[in-house]
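Sequence lines set the chain letters: A, B, ... in the order given, protein chains first and strands last, and positions in each chain run from 1.
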Amino acid sequence: MSQLFAGNAPEQAVQAAEPAVTALYAEHALGLTRLAQIMLGDRSAAEDVVQDSFFGLYRRWNSLADPAKAQSYLRSAVLNGCRSALRRASRAQRHAHHDEQFGDSAEVMLLASEDRRAVMTALRGLPHRQREVLVLRYYLDLSDAEISQVMGIKEGSVRSAAHRGLAAIERTLAKEPS
Amino acid sequence: MNRIENLLRDATRDTAARVTSDSIPPLDLTRAHAKLPPPRRRWVLPVLGPVAAIAAVAVIVLAAVAQHPAGQTPALISGGAPPYYISLTADGPPPAHQPFANPPMDITVRSTRTSTVLATVKPPAPYRTFTLVGGTADDTTFLAGAQVQSFMSPMEFYLLRFQAGTRRVTLTPLHVRPSLTTALDTASLSPDGRYLALASDTRLTIQDLRTGTVRSWTSHLQGGYITLDRNDALELSWTAGDRGVSFIWTDDISSLLLLNPASSGDLVKTSKLLVPDLSFTGKGFACSSDPFVAAGGTVVLCGGYTTDKGTGNYPTGQVTTGFGEFSASTGKLLTILDPKKEHLPTTIVEQQFPKPHRARVVDTSKLPYLYWASPDGSILIGERDGKAFIFDDGQEQAIGWSTSIATPAGMNGAAVAW
């Protein structure tokens with residue numbers, strides 16, 4: 001058995017990736033930030049997740065066999081970053097004191113319809129898995145098979161999470177004051 | 001497509017449209033430069049083909065010395081803290097035909113105190129990637145799972161043994177090849193090495209490595225699932241004497257349960273409820289990290305801070321941070337290990353659920369997090385105020401490695417194990 005122990009790319013080679021990664025950022029940062037914004041509902045956190053994903057690509061650039069796959073890598077990295085950010089947010093949620101009411105946020109104010117505002121509120125209240133399935137399915141239009149591969153769960157679990165998520169949103173909307 | 005689906009499609013697109021190209025900040029790669037690891041040598045090992053052909057008993061894999069030649073292994077941690085840990089480390093891009101999948105993973109054996117890479121191990125053929133790591137009761141023995149590709153391809157389990165003096169790593173196949181219908185989240189070897197517990201979505205399986213007997217439990221209660229956190233190192237925990245396996249079940253809330261391997265029936269219904277609500281709200285101490293079961297299943301440990309007694313509200317003024325030790329039977333706080341009095345910063349954030357409001361939240365980046373606990377709960381490895389440490393014999397000792405336990409994209413379980 002031959003064993004090759006791959007080291008990290010030399011720093012100089014990684015630095016040479018700067019123009020390529022910067023060009024990718026110019027092309028894809030908007031779409032990825034939009035995805036992260038939907039997942040997180042927090043613009044600053046969304047931008048951090050996207051920047052961190054590009055840092056990861058930059059550091060790993062020299063080991064990319066096919067730079068054409070960079071876009072797929074970035075989307076996967078952003079989704080993973082969102083999961084981590086949501087986890088940190090749920091920790092913070094545990095330690096939150098909720099009695100300071102205020103008006104709609106800027107984003108909520110800008111949403112065109114009350115229904116859409118309520119849907120986004122309900123979506124962000126879902127467990128992480130259900131939220132991710134619904135965003136991948138209804139925003140990115142991924143098939144259940146693709147979602148299954150992205151999330152590492154079986155297709156039946158994708159369908160189950162989507163069904164439960166949709167039902168939960170419907171229940172939440174039904175409770176909304178008209 | 002029904003109304004809810006249409007609303008979701010419209011609302012997500014509407015939200016996305018609010019992010020405009022002129023508001024995207026420039027990419028600041030100077031931050032990435034600051035995080036670059038130092039260059040490492042490449043090593044090519046001798047061809048061991050003939051040995052692999054007779055590898056029914058053990059596959060020997062020589063380890064690469066990354067930064068320190070053999071014989072200069074960093075000094076061991078004083079006391080009983082484990083001196084080494086293993087970590088999944090990305091090696092190259094995802095497979096071309098599976099752009100969403102993980103890149104191939106090697107395992108690196110590292111010094112707990114310095115994070116120095118002591119050995120790097122590639123998966124034995126025909127496997128192409130390691131996808132799972134776990135600890136055992138022995139400081140130099142670990143559990144490793146290898147697959148041809150991540151996700152649902154066949155998995156083989158190995159015992160990974162590290163010899164510090166020679167930097168040699170031995171992989172011994174356990175001949176456990178679970179039939180995966182969903183991604184495997186984690187595996188845990190019992191302290192006596194006889195039982196292997198596997199967790200996957202809603203299913204928990206225990207295999208007797210001596211007899212080959214396999215038992216499985218599953219539950220579909222309330223849409224819940226076994227919860228494994230990719231940021232913390234919490235995995236399945238065996239209680240002393242292999243009397244049970246604890247796991248977290250999440251539906252509306254997260255609870256800690258203990259499965260008796262002798263039981264049968266629904267996974268959740270048949271398990272003992274150790275901690276009904278892991279938020280511990282209102283009990284005078286709030287957990288900021290997921291819990292560990294210790295002391296033979298009698299106590300639960302977690303990092304956190306004191307709350308206003310009786311209210312469970314966020315702390316005002318000075319609080320005590322540390323590691324709460326709770327009775328597993330009553331949920332009551334027994335003591336706070338490594339206590340420190342300090343003021344926790346709080347910030348006001350806008351939250352959207354259950355309805356738009358402002359909330360005052362604790363800056364959780366300052367809080368203590370627990371990554372590993374010894375079986376008796378006396379030795380801890382964790383993070384506090386962004387710095388990693390070992391708590392042993394009543395003393396907190398700083399250790400020099402990044403506290404961000406990075407988990408590769410798509411992984412379900414933790415990427416490190418002690």
Point-to-point distance, once rounded to the nearest 0.5 Å, from [atom1] of [X] to [atom2] of [Y]:
| X | Y | atom1 | atom2 | answer |
| --- | --- | --- | --- | --- |
| B/L8 | A/I169 | CG | CD1 | 4.5 Å |
| A/Y138 | B/I4 | OH | CD1 | 10.0 Å |
| B/R3 | A/L166 | CZ | CG | 12.5 Å |

- Is it the backbone or the side chain of A/V21 that comes under 4.5 Å from a heavy atom of chain B, or both, or neither?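 Its backbone and side chain both get close to chain B.
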
Specify the closest pair of heavy atoms between [X] and [Y], including all atoms of both residues, with the distance to one decimal.
| X | Y | answer |
| --- | --- | --- |
| A/Y25 | B/P25 | OH-O, 2.6 Å |
| B/T12 | A/I38 | O-CD1, 3.2 Å |
| A/R34 | B/V19 | NE-O, 2.9 Å |
| A/R124 | B/T15 | NH2-CG2, 3.6 Å |
| B/L27 | A/Q51 | CA-NE2, 3.7 Å |

- Query: With a 3.5 Å cut-off and no angle check, do the side chains of B/S23 and A/R43 form a donor-acceptor pair?
  - Reply: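 There is such a pair between these side chains.
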
- Task: Report the residues that fulfil side-chain contact (heavy atoms from CB on, under 4.5 Å) with B/S21, sequence neighbours left out, ordered by chain and then residue number.
- Result: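 Checked B/S21 against side-chain contact (heavy atoms from CB on, under 4.5 Å); matches are A/L30.
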
- Any salt bridge between B/R13 and A/D141, counting N to O under 4.0 Å? yes

- Message: Please identify, among B/G304, B/A17, B/A16, the residue contributing the most non-hydrogen atom pairs under 4.5 Å to chain A.
- Response: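 Top option by heavy-atom pairs under 4.5 Å: B/A16.
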
- Kindly indicate whether the side chain of B/L7, heavy atoms from C-beta on, has any atom under 4.5 Å from the side chain of A/L173.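 Contact flag for B/L7/A/L173 side chains = yes.
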
